Amino acid sequence: MAKDVVPEEGRRRRRPTRQGTVLSERLIVETALRMVREHGSAGLSARRLGAALGADPSTLYRYFDGMDGLTLAIGEELIGRALAGWVPTGRWREDLRSLGLRIHGAYLAHPQAALLTASRVTGRPREIAADEAILASLRGAGFEDVDAVRIYHAYIDQSLAFAALDAGALALSEKARDSDEDRWESTYARLPAQEYPNIAATAGLLAARMPHSAYPVALEMLLDAAEQELGGGGGDGGGEQSDPHPGGPCPGAGSRRSVRS
């Protein structure tokens, strides 16, 4: 049975730890982020975290419902960092562009933590605030609710999927990452044009573009499609007509909201 999480006011440590610090949820999350950045998710455990904080590992369970609860708090922290300083302008496309880039950037600042948390749903205040802001932008722009939810789903999953993909590259060793990027010139650029005419014709462009994230381009494409739909360019404009799976995700597909086969 899961242990009860003690409310904030009842779990504050009255005495400093052996390192002279006073524990708080924020301090634990920041320390966990540092450990994940330095050692990867495999290096995060209650024992190691307790040692880094100078506290008994069991103390952590007064703040979080196990290590999974800490993982969700880390995800909440990344979303919070994306939201920090973001102020909606009322121009829906500009707002969604800036927020999407902020979310992507906040996760890439902590690639190991991004891999650990991008697929999770925290249900915590800052995640909820981000979801509310996205839906507010879409509904305020004039999208019907069914379309707002469909676009929201694509938007948030796109931002987190690219965050996880790009974080995976950043989490590689520098040697492995350089090797991957070099293959666009060492392998693709040298393919015979007789067999691979399209790759050969675009080899220079591929080598220049592929080491960089495609997220900004993909985000613009999604916003272009949404704007076209809002302006009447998306056929009938009804979400149930333009969405091949209006009742839920494509069978066998995963998303941040549901991963089921």
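Note that the coordinates shown come from a computational prediction; the quantities given were computed from them, not determined experimentally. These numbers come from the heavy atoms of this one structure, side chains and all, not from hydrogens, waters or symmetry mates.
Between Thr187 atom OG1 and Asp182 atom CG the span is 7.5 Å, to the nearest 0.5 Å. Atoms OH and CG, from Tyr215 and Leu160 in turn, are 8.5 Å apart once rounded to the nearest 0.5 Å. Atoms CZ and NE2, from Arg81 and His110 in turn, are 4.0 Å apart once rounded to the nearest 0.5 Å. Put simply, CG on Leu101 and CG on Leu108 are 10.5 Å apart, with the number rounded to the nearest 0.5 Å. Note that CG of Asp95 and CD1 of Ile134 are 11.0 Å apart. Values are rounded to the nearest 0.5 Å. In this structure, CD1 on Ile28 lies 7.5 Å from CG on Leu70, to the nearest 0.5 angstrom.
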Throw together a table of side-chain donor-acceptor distances under 3.5 angstrom for residues 31-52, partners on residues two or more places apart or in other chains.
from, atom 1, to, atom 2, distance (Å)
Thr31, OG1, Leu27, O, 2.8
Ser45, OG, Arg48, N, 3.1
Arg48, NH1, Gly43, O, 3.4

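The hydrophobic clustering, which links ILVMFWY residues whose side-chain heavy atoms are closer than 4.5 Å, places Leu135 and Leu230 together. Note: the hydrophobic cluster containing Met67 does not contain Leu115 (ILVMFWY, side chain heavy atoms under 4.5 Å, direct or indirect links). Transitive grouping of hydrophobic side chains (ILVMFWY, heavy atoms separated by less than 4.5 Å) keeps Leu72 and Leu60 in distinct clusters. Note on Leu165 and Leu78: same hydrophobic cluster, where clusters join Ile, Leu, Val, Met, Phe, Trp and Tyr whose side-chain heavy atoms are under 4.5 Å apart, directly or indirectly.
Looking at Arg91 and Ser137, their side chains never come closer than 4.5 Å, going by heavy atoms from C-beta outward. Using a 4.5 Å cut-off on side-chain heavy atoms (C-beta onward), Leu99 and Leu83 make contact. The shortest side-chain heavy-atom distance between Leu222 and Leu96 does not fall under the 4.5 Å cut-off. Annotation: side chain of Ile103 is in contact with side chain of Ile156 (closest heavy-atom distance under 4.5 Å). Looking at heavy atoms from C-beta onward, Glu144 lies out of side-chain contact with Arg139 at the 4.5 angstrom threshold. The shortest distance between side-chain heavy atoms of Phe64 and Val29 falls below 4.5 Å. Residues Tyr155 and Leu219 are in side-chain contact: their nearest non-hydrogen atoms beyond the backbone lie under 4.5 Å apart. Contact check for Glu227 versus Leu223: no side-chain heavy atoms found under the 4.5 Å cut-off.
Looking only at distances, a side-chain donor or acceptor of Glu127 sits under 3.5 Å from a matching main-chain atom of Gly123. Checked by atom type and distance alone, the side chain of Thr117 never pairs as donor or acceptor with a backbone atom of Arg120 at under 3.5 Å. Arg177 contributes a side-chain N or O that, together with a main-chain N or O of Leu172, makes up a donor-acceptor pair within less than 3.5 Å. A donor-acceptor contact shorter than 3.5 Å is absent between the side chain of Glu94 and the backbone of Thr89. Put simply, the side chain of Thr59 never gets that close to the backbone of Ala55: no donor and acceptor are under 3.5 Å apart.
Across all their heavy atoms, Leu170 and Pro111 have their closest contact at CB-CB, 3.9 Å. The minimum heavy-atom distance linking Arg124 with Gly69 is given by the pair NH2-O, 3.9 Å.
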Side chain to side chain contact (heavy atoms under 4.5 Å, CB included) between Met221 and Val217, worked out: CA-CA 6 Å; Met221 292 173 70; Val217 174; 4.1 Å; yes

Criterion side chain to side chain contact (heavy atoms under 4.5 Å, CB included) on Arg62 and Glu25, from CA distance to verdict: CA-CA 10 Å; Arg62 293 175 59 83; Glu25 181 174 318; over 6 Å; no

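Through direct or indirect side-chain contacts shorter than 4.5 Å among Ile, Leu, Val, Met, Phe, Trp and Tyr, Trp184 is connected to Tyr188, Leu191, Tyr196, Ile199, Leu206, Met210.
A salt bridge does not link Arg190 with Glu185: none of the charged nitrogens is closer than 4.0 Å to a carboxylate oxygen.
Taking the six-membered ring where the residue is Trp, Trp92 and Phe143 present perpendicular rings, their angle passing 60° and hence far from 30°.
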